[in-house]
Number of protein chains: 2
Amino acid sequence: MDFNESNATEAVLDSFSKIEDKRLKQIMNSLITHLHQVVKEVEPTEDEWMKAIMFLTKTGQKCDDRRQEFILLSDVLGVSMLLDAINNRKSKDETETTVLGPFHAPSPTVTNGENIAKSVVGDNCIVSGNIMNTDKNPISGASIEVWQSGPDGLYDVQKDGDVVDLRATLSSLKDGSYLFRTVKPQYYPIPVDGPVGDLLNNLDRHPYRPAHIHFMVKADGYKDLVTHVFIDGDKYLESDTVFAVKKSLIRQLDEGFDEDNNQKCYNLNFDIIMEKN
Amino acid sequence: MDFNESNATEAVLDSFSKIEDKRLKQIMNSLITHLHQVVKEVEPTEDEWMKAIMFLTKTGQKCDDRRQEFILLSDVLGVSMLLDAINNRKSKDETETTVLGPFHAPSPTVTNGENIAKSVVGDNCIVSGNIMNTDKNPISGASIEVWQSGPDGLYDVQKDGDVVDLRATLSSLKDGSYLFRTVKPQYYPIPVDGPVGDLLNNLDRHPYRPAHIHFMVKADGYKDLVTHVFIDGDKYLESDTVFAVKKSLIRQLDEGFDEDNNQKCYNLNFDIIMEKN
């Protein structure tokens, strides 16, 4: 029997009959069923199909060591956050997770109190909090990796040269507390000079993410936690282009004074509750 | 309300609310609905998701001026043939269509009778037939573009250098007939040195296509026709890795004699019925 509209999906699923890896077979079956369903619903013309082919091609070709355009695509289509929700179903009151994003990179180790803004200048900010378990007991020696963009909305990896700035790894102290100095984060657009930027433009969507600092926290006996702290009042909290805002992760930025450096600063408090393994 | 498993798809569809292009909106709605459905059904781990990201990245990066790995992916997943079926619903008894494939390229014009195998050597073959309309009346002056692989299973564009061989454009004569000399086509594997080859390997599928010659026929007042002629008896007719075989396109290869060149040859007859615009 010829391959036709009504037996097409079955024919492709049949071609998977010899796959021994059950998981792979499950994934391929679901993927093909839905991919064919899209084609049947939408009935793309040859031109539209070629546009899709070229979009995917350009997206792959935009990727390099410092840029991952397919992760960006996954982010703006809500796939990354959906995956995050599925893989991190909250069991109690541990801190909620959010996307890793495309800007994670190795970072230098710093001591508590240090300023992680090495060359970037901005509004001074002290970020502090406590790492604890779900019983509110402190977790000491947790590895706390943080990274953020500067007031220009750029991460270090988006700039020329091999500058490393506004990223660091520190450890929680005996009482579970941590503290680092930095500059106030600012809302920023995701990179729009590639196919994903063109797509957002065609979809009449803005490319902005509300101000945030990324956290990746690891401690023995606890599940790794990837999250952000967001700043209350940011104009893009309600329309984050990667859908990553959770209300429980929004914190107030308070005006304060940095006694050690005798200067005005903002204070941002972010306690983190880890879930046992 | 936070983005979560139950409202994720709705949240992304809501982000399309400002799209003015109704067709684009329809496509994106269908795509996102099914893409999210796959994620919900399969519940990929972060590792599996990253494997998918890297597969798509490598597929894009394998593409260049002479290689289109995403078309190949569309082909082996049955998407190209499904699209072909949707865009070429047969209305009467015109010749059936099949995939364009990734090897179409500009070709030299030849006269009827000419040998299109310029440097490739193989079993001599005369391909001939008549171009006609659905009332069986001849169509003269139709443009007939043909391309095929040689006995080594390779198209010219897969070889080093800028050699052009086994591809040509000729015109049907006053009586609608056409004839060209070539070599017998052979079954061959699609290119397997890229991500799509790895995928087929993981899916425990062979990469072969049964022997065929591509045809693209155009005539004033008729719909462009993209099709193949397949050779009866080929061992891969039942399992073409791109699902492109249609029974109506299979022809017998008869042993014969080429009087003009005083040598044995195969004869392949392929009449083509064009559909009015």
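Predicted model, so just to flag it, every value in this text is computed and none were measured. Every chain is numbered from 1 and lettered A, B, ... according to where its sequence line falls, protein lines coming before strand lines.
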Could you tell me which portion of [X] (side chain, backbone, both or neither) has an atom closer than 4.5 angstrom to a non-hydrogen atom of chain B?
| X | result |
| --- | --- |
| A:Leu77 | both |
| A:Glu96 | side chain |
| A:Val79 | both |

Mind jotting down which residue pairs meet the salt bridge (charged side-chain N to carboxylate O under 4.0 Å, His left out) criterion with at least one end in residues 230-249 of chain B? Sequence neighbours excluded, please. B:Asp84-B:Lys246, B:Arg209-B:Asp240
Chain B interface, residue from [options] that has the most non-hydrogen pairs under 4.5 Å:
| options | answer |
| --- | --- |
| A:Ala85, A:Ser248, A:Ser17, A:Ala244 | A:Ala85 |
| A:Asn87, A:Leu82, A:Thr241, A:Val76 | A:Leu82 |
| A:Leu73, A:Ile71, A:Thr9, A:Thr98 | A:Ile71 |

If you check every heavy atom in residues 25-62 of chain A against those of chain B, which residues fall under 4.5 Å? A:Gln26, A:Ile27, A:Met28, A:Ser30, A:Leu31, A:Ile32, A:His34, A:Leu35, A:His36, A:Gln37, A:Val38, A:Val39, A:Lys40, A:Glu41, A:Val42, A:Glu43, A:Pro44, A:Thr45, A:Glu46, A:Glu48, A:Trp49, A:Met50, A:Ile53, A:Met54, A:Leu56, A:Thr57, A:Gly60, A:Gln61
At a heavy-atom separation under 4.5 Å, does B:Gln68 approach chain A through its side chain, its backbone, both, or neither? side chain
Look at [options] and state which one has the largest set of heavy-atom pairs under 4.5 Å with chain A.
| options | value |
| --- | --- |
| B:Val245, B:Ile86, B:Asn202, B:Leu100 | B:Ile86 |
| B:Met81, B:Arg89, B:Glu20 | B:Arg89 |
| B:Ala11, B:Ala8, B:Cys63 | B:Cys63 |

Go through it in stages, so that I can follow the logic: the residues are A:Phe243 and B:Val12, the test is side chain to side chain contact (heavy atoms under 4.5 Å, CB included), and I'd like the CA-CA distance, side-chain angles, deciding distance and then a yes or no. CA-CA 8 Å; A:Phe243 307 96; B:Val12 180; 3.7 Å; yes
Please enumerate all residues that pass side chain to side chain donor-acceptor pair (under 3.5 Å) together with A:Asn4, with sequence neighbours excluded. A:Ser6
Do other residues, nucleotides or ligands put more than 12 heavy atoms under 6.0 Å from the CG atom of B:Asp220? no
Who pairs with A:Ser239 by side-chain contact (heavy atoms from CB on, under 4.5 Å), at least two apart in sequence or on another chain? A:His206, A:Tyr236
How far does CG of A:Asp21 sit from CG of B:Asp204, to the nearest 0.5 angstrom? 11.0 Å
Side chain to side chain, A:Lys18 and B:Leu203, heavy atoms closer than 4.5 Å: no
